[in-house]
J.: 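Quick one: this structure, given as structure tokens, is what I'll be asking you about.
Keep in mind that the numbers below use all heavy atoms, side chains included, and drop hydrogens, waters and symmetry copies.
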Amino acid sequence: MWSVGAFNSITITPPSASFAVNKAPINTPTSLHLHYFSRPLGPLPSFSLSNHSSFGPQLSYKRTVSFRCSAALTPELKNTLDKVVTSHKVVLFMKGTRDFPQCGFSNTVVQILKSLNVPFETINILENELLRQGLKEYSSWPTFPQLYVEGEFFGGCDITVEAYKTGELQELLEKAMCS
């Protein structure tokens, strides 16, 4: 089982004889099952494995299939996130809490905000997997922490650090606190 991209895991179930060593090229039907957060998405159409390469089996698809897993950002979650990011001037979605950050990047942004004496709300994304995945879609940003200022996505750790170094973050936060 492998973890790939947006999928939690992929299981390839070959016929047992397909993986016999030093046999002729494999060309037997194999099924592929995708799992998204432990929910099986079901089998996709058959494909074959071929061992023509010295680097191991390669996938040889019988036909192209397009599919999409269900989005983590439901309309209800989007509405909730809209309310959260607009109900406070500064919101930080982070791993852990303000008092106990669970990653160095989250800790860095917390320390920057504390050094600027800015009131901010934090939301621990580790407590809810759907929130974590939905927020990635909501912001179109794949990593955490995620900083929002006046309802707008500002950036992650690197952007926040750079804006802090240039003074841009201080200006933005001063304007936000005065509005």
Side-chain angles (χ1 to χ4, degrees), residues 1-11 32 34-41 55-56 58-59 64-179:
M1 209 173 290
W2 300 279
S3 181
V4 178
F7 301 106
N8 190 351
S9 65
I10 294 178
T11 306
L32 174 70
L34 299 175
H35 298 266
Y36 186 68
F37 300 107
S38 302
R39 293 185 304 240
L41 295 176
F55 297 107
Q58 295 184 354
L59 297 179
T64 303
V65 179
S66 93
F67 61 92
R68 181 185 153 127
C69 62
S70 61
L73 184 62
T74 63
E76 296 82 13
L77 180 56
K78 183 186 180 313
N79 288 337
T80 300
L81 290 171
D82 285 341
K83 289 176 187 172
V84 168
V85 300
T86 57
S87 65
H88 304 284
K89 297 209 183 246
V90 181
V91 178
L92 181 63
F93 292 91
M94 61 179 286
K95 293 180 179 179
T97 65
R98 167 197 322 247
D99 297 324
F100 191 63
Q102 300 267 325
C103 88
F105 301 111
S106 293
N107 185 49
T108 298
V109 176
V110 166
Q111 296 310 315
I112 288 172
L113 294 174
K114 283 182 174 180
S115 76
L116 296 173
N117 292 320
V118 174
F120 62 100
E121 291 297 317
T122 61
I123 296 164
N124 183 357
I125 54 100
L126 295 176
E127 293 177 347
N128 186 315
E129 180 66 23
L130 288 176
L131 169 65
R132 184 165 64 232
Q133 296 307 320
L135 198 51
K136 290 177 183 181
E137 291 178 42
Y138 182 79
S139 64
S140 299
W141 194 260
T143 60
F144 293 96
Q146 293 184 8
L147 180 63
Y148 285 77
V149 179
E150 290 195 300
E152 296 293 321
F153 176 66
F154 181 76
C157 182
D158 292 343
I159 290 171
T160 302
V161 168
E162 187 60 32
Y164 177 70
K165 288 178 181 176
T166 64
E168 177 189 350
L169 181 62
Q170 293 86 322
E171 282 182 40
L172 178 66
L173 293 173
E174 284 176 17
K175 286 180 189 173
M177 295 302 120
C178 292
S179 67

J.: Could you pull out the closest heavy-atom pair between P101 and N107, with the gap in Å?
T.: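 Looking at all heavy atoms of both residues, the closest pair is CG-OD1, 3.5 Å.
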J.: Counting C-beta onward and ignoring hydrogens, is there a side-chain heavy-atom pair between I159 and W141 closer than 4.5 Å?
T.: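 With C-beta onward as the side chain, the pair touches.
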J.: Taking all non-hydrogen atoms of both residues into account, name the closest pair between K95 and I125 and its distance.
T.: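 Closest approach of K95 to I125: CG-CD1, 3.7 Å.
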J.: Does K175 have more than 12 heavy atoms from other residues, nucleotides or ligands lying within 6.0 Å of its NZ?
T.: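 No, the 6.0 Å shell around NZ holds no more than 12 heavy atoms from other groups.
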J.: Within 45 degrees of the axis of the six-membered ring of F144 and under 6.0 Å from its centre: does R132 put its NZ or CZ there?
T.: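 No.
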J.: Is the shortest heavy-atom distance from the side chain of L173 to the side chain of L113 under 4.5 Å?
T.: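 Yes; the side chains approach each other to less than 4.5 Å.
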J.: With side chains defined as the heavy atoms from C-beta onward, is the minimum distance between E171 and E174 less than 4.5 Å?
T.: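 Side chain of E171 against side chain of E174, heavy atoms only: no contact under 4.5 Å found.
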J.: What is the minimum heavy-atom distance between F93 and V91, and which atoms define it?
T.: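 Closest approach of F93 to V91, heavy atoms only: CE1-CG1, 3.7 Å.
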J.: Could you tell me whether a side-chain N or O of Q146 sits under 3.5 Å from a main-chain N or O of S139, the two making a donor and an acceptor?
T.: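 Side chain of Q146 to backbone of S139: no pair is present.
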J.: The criterion is side chain to side chain donor-acceptor pair (under 3.5 Å); which residues satisfy it with K78, sequence neighbours excluded?
T.: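 Scan of K78 (side chain to side chain donor-acceptor pair (under 3.5 Å), adjacent residues dropped) gives D82.
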J.: Looking at Q102, is its backbone amide N or carbonyl O close enough to the side chain of S106 to form a donor-acceptor pair, meaning the two atoms are under 3.5 Å apart?
T.: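 No, S106 side chain to Q102 backbone: no donor-acceptor pair under 3.5 Å.
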J.: Looking only at non-hydrogen atoms, find the nearest pair between I112 and Y164 and report the distance.
T.: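 That would be CG2-CD1, 3.6 Å.
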J.: Quick one: pull up CD1 in I123 and CG in L81 and give me the separation to the nearest 0.5 Å.
T.: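 These two atoms lie 8.0 Å from each other.
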J.: If you draw a 6.0 Å radius around CD in E152, do more than 12 non-hydrogen atoms from other residues or ligands fall strictly inside?
T.: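 Not buried by this count: 12 neighbours or fewer within 6.0 Å.
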J.: Please evaluate residues F153 and V85 with respect to the criterion side-chain contact (heavy atoms from CB on, under 4.5 Å), reporting the C-alpha separation (whole Å), side-chain torsions for both, the decisive distance (0.1 Å), and the verdict.
T.: CA-CA 9 Å; F153 176 66; V85 300; over 6 Å; no
J.: To the nearest 0.5 Å, what is the distance between CG on L73 and CG on N79?
T.: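 Those atoms lie 9.5 Å apart.
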J.: Looking at every heavy atom in both V149 and A176, which two are closest together, and how far apart are they?
T.: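 Distance-wise, the nearest heavy atoms are CG1-CB, 3.9 Å.
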J.: When rounded to the nearest 0.5 angstrom, what distance separates CD in E121 from CE in M94?
T.: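 The distance works out to 12.5 Å.
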J.: Quick one: does L77's side chain get under 4.5 Å of L135's, heavy atoms only?
T.: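 Result no, sub-4.5 Å side-chain heavy-atom pair not found.
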J.: So do H88 and Y148 actually touch side chain to side chain, heavy atoms under 4.5 Å?
T.: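 No, side chains not in contact.
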J.: Taking all non-hydrogen atoms of both residues, which atom of A72 and which atom of G134 are closest, and how far apart?
T.: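 That would be CB-N, 3.6 Å.
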J.: Heavy-atom count around F105 CZ within 6.0 Å, excluding the residue itself: above 12?
T.: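 No, CZ of F105 has 12 or fewer neighbouring heavy atoms, counting only those of other groups under 6.0 Å.
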J.: Could you tell me the separation between the CD atom of Q111 and the NZ atom of K114, rounded to the nearest 0.5 Å?
T.: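 Going from the CD atom of Q111 to the NZ atom of K114 covers 5.5 Å.
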